[in-house]
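Note sheet for the following structure.
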Amino acid sequence: MISKASLHFFKSQVRNYFKLITLNGKTYEVPPNFREPVYDMENLQNSSNVILMRHGNTLFNLSYDQIFFEKGYGNEILDLWHDDIFRDSPLSDFGIEQCKHTAQFAEQFDIDMVLISPMRRTLQTAHYLLRNHPQKDEIKYVVHPGIRERVYGYCEMTRNWGDKYNRIYKNLFPNLDISLMMNQDGTYDELFYSKDFQPEVSERFKGMSKKTIDHLIMEAARDNFPKAAENLESTCDRTQRVKDYVKNHIQTRSPEKANKKILLITHCVTLRIWMGNWSGMSKPYQDFPKNTYWVCNCEFYPDIDYDYATPI
């Protein structure tokens, strides 16, 4: 039988692996390496009309951060990426409260359009963030596969996206544009996460079933670990196309919307690539630019580096 002294020591050691965060009157245990977001609203309002945001904390994030804190980036992280239970991981309860807390800052933005990654966690984030926004019925919401996360494992892959859209997603937003998620024959693109890979990989996917493609992606993810299944060039190319999409919208929207914000709700690695300074780096890229960093869940970042004003 464990003595009271031993039990107290054990509990004190367990607590060392967590810290407590209180949001909206609720207290949560998070890993000690958890970093709280900062909301510099003056800078966000004045520096750019394009605001970038990472989704709220997910069930996968909680497990990843804890393993990384205790054991580093090794086989346990690889196993986590390959656990199908984390496929298209949803927000954790803590992540939902993060989004509700962050809503008070988002409601200060005069928003024209919101681009949302097709993943469940980003759509949930957009919902909890903007459901009470004073302009929620006027905002244009666009699901854009170009800002999906770089594929490391099942967390970046979905199942039955079209069914989830019909049952859940379309009821979360008043004006949800999913045209970029449709195939030419009018069916939902259930394999959006397999698009825009490096050409030699995409070529292998042609004519294959979703199950086979998923298997090939996971093979590539394991073979490339600790890097992703898709290379940096492919992710850079698709984020550049999204930048051009945003730029075209800015340059063609009506004058009365000229000062409105465009909000992108996306992912950690996609944001690192989006905000990175790739000039002077030669292909094939071996690593991220030195000016990039890991971004917090539910934190806003003004896009001050890309030129949205020069005509395309």
Checklist entry - Are Ile51 and Tyr301 close enough that some pair of their side-chain heavy atoms sits under 4.5 Å apart? => result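 Result no, sub-4.5 Å side-chain heavy-atom pair not found.
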
Checklist entry - Got Ile262 and Ile250 here, is their nearest side-chain heavy-atom distance under 4.5 Å? => result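 Yes. Closest side-chain heavy atoms under 4.5 Å.
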
Checklist entry - Using a side-chain heavy atom cutoff under 4.5 Å and only I, L, V, M, F, W and Y, what cluster partners does Tyr128 have? => result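 Once heavy-atom contacts under 4.5 Å are chained together, Tyr128 belongs with Leu91, Ile96.
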
Checklist entry - How does the hydrophobic cluster around Ile304 look, that is, which other residues are in it when side-chain heavy atoms under 4.5 Å mark a link? => result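 Joined to Ile304, directly or through intermediates: none.
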
With no hydrogens and no angle check, is any side-chain donor or acceptor of [X] less than 3.5 Å from a backbone partner on [Y]?
X: Lys247; Y: Thr310; value: yes
X: Thr212; Y: Met208; value: no
X: Asn231; Y: Ser234; value: yes
X: Glu29; Y: Lys19; value: no
X: Ser92; Y: Asn57; value: yes
X: Thr125; Y: Gly56; value: yes
X: Thr158; Y: Asp88; value: no
X: Trp161; Y: Pro118; value: yes
X: Arg150; Y: Val269; value: no

Item to check | Criterion side-chain contact (heavy atoms from CB on, under 4.5 Å) against Leu115, the qualifying member of Thr122, Leu52, Val142 | outcome: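 Exactly one option meets the side-chain contact (heavy atoms from CB on, under 4.5 Å) with Leu115, and it is Val142.
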
Checklist entry - Have Asp244 and Tyr308 got a donor and an acceptor in their side chains that come within less than 3.5 Å? => result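 No, because no side-chain N or O of Asp244 sits under 3.5 Å from a partner of the opposite role on Tyr308.
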
With sequence neighbours excluded, what pairs up with [X] under the side chain to side chain donor-acceptor pair (under 3.5 Å) test?
X: Arg131; result: none
X: Lys195; result: Asp189
X: Arg238; result: Glu230
X: Thr102; result: Tyr39

Value rounded to 0.5 Å, distance of [atom1] in [X] from [atom2] in [Y]:
X: His144; Y: Ser179; atom1: NE2; atom2: OG; answer: 9.0 Å
X: Asn259; Y: Gln45; atom1: CG; atom2: CD; answer: 11.0 Å
X: Phe105; Y: Glu299; atom1: CZ; atom2: CD; answer: 11.0 Å

Can [X] and [Y] be counted as an ion pair, charged N to O under 4.0 angstrom?
X: Glu219; Y: Arg222; value: no
X: Asp84; Y: Arg159; value: yes
X: Asp112; Y: Arg253; value: yes
X: Arg87; Y: Asp214; value: yes
X: Arg121; Y: Glu149; value: no
X: Asp237; Y: Arg241; value: no

Checklist entry - Excluding sequence neighbours, so at least two apart, what forms side-chain contact (heavy atoms from CB on, under 4.5 Å) with Glu200? => result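 Glu200 satisfies side-chain contact (heavy atoms from CB on, under 4.5 Å) with Gln198 once adjacent residues are dropped.
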
Item to check | Counterpart residues, side-chain contact (heavy atoms from CB on, under 4.5 Å), relative to Pro90 (two or more places apart) | outcome: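 If we apply the side-chain contact (heavy atoms from CB on, under 4.5 Å) test to Pro90, skipping adjacent residues, the hits are Leu59, Arg120, Gln124.
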
Count the heavy atoms belonging to other residues, nucleotides or ligands that lie under 6.0 Å from [atom1] of [X], then report whether that count exceeds 12.
X: Ile85; atom1: CD1; result: no
X: Lys210; atom1: NZ; result: yes
X: Glu256; atom1: CD; result: yes
X: Asn46; atom1: CG; result: yes
X: Lys257; atom1: NZ; result: no

Go through the structure and list residues passing salt bridge (charged side-chain N to carboxylate O under 4.0 Å, His left out) with [X], not counting sequence neighbours.
X: Lys140; value: none
X: Lys136; value: none
X: Glu190; value: none

Checklist entry - Given Thr266 and Leu271, is the side chain to side chain contact (heavy atoms under 4.5 Å, CB included) satisfied, shown in steps? => result CA-CA 7 Å; Thr266 179; Leu271 283 172; 3.5 Å; yes

Next on the checklist: Is there a path of hydrophobic side-chain contacts, each under 4.5 Å between heavy atoms, that joins Leu180 and Trp274?
Outcome noted: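 Result: yes, single cluster for both.
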
Taking the ring of [Y] and the ring of [X], is the distance between their centroids below 6.0 Å?
X: Tyr28; Y: Phe34; result: no
X: Trp81; Y: Phe60; result: yes
X: Tyr193; Y: Tyr154; result: no

Checklist entry - Who passes ring pair (Phe, Tyr, Trp, His ring centres under 6.0 Å) against His267, sequence neighbours left out? => result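 Here the qualifying residues are His55.
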
Next on the checklist: Would you call the rings of Phe225 and Tyr73 parallel, tilted or perpendicular, taking 30° and 60° as the class edges?
Outcome noted: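 Judged by the thresholds at 30° and 60°, the geometry between Phe225 and Tyr73 is parallel.
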
Next on the checklist: Tell me which one of Glu97, Lys100, Gln98 satisfies side chain to side chain donor-acceptor pair (under 3.5 Å) with Asn24.
Outcome noted: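 With Asn24 as partner, Glu97, Lys100, Gln98 yield a single side chain to side chain donor-acceptor pair (under 3.5 Å), made by Glu97.
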
Next on the checklist: Let's go through Leu232 and Trp278 carefully: what are the C-alpha distance in whole Å and the side-chain angles of both, what is the deciding distance for side chain to side chain contact (heavy atoms under 4.5 Å, CB included) to 0.1 Å, and is it a yes or a no?
Outcome noted: CA-CA 11 Å; Leu232 284 166; Trp278 297 87; 4.1 Å; yes

Next on the checklist: Walk me through whether Tyr64 and Gln66 qualify under side-chain hydrogen bond (donor to acceptor under 3.5 Å, both in side chains).
Outcome noted: CA-CA 5 Å; Tyr64 179 100; Gln66 188 62 39; over 6 Å; no

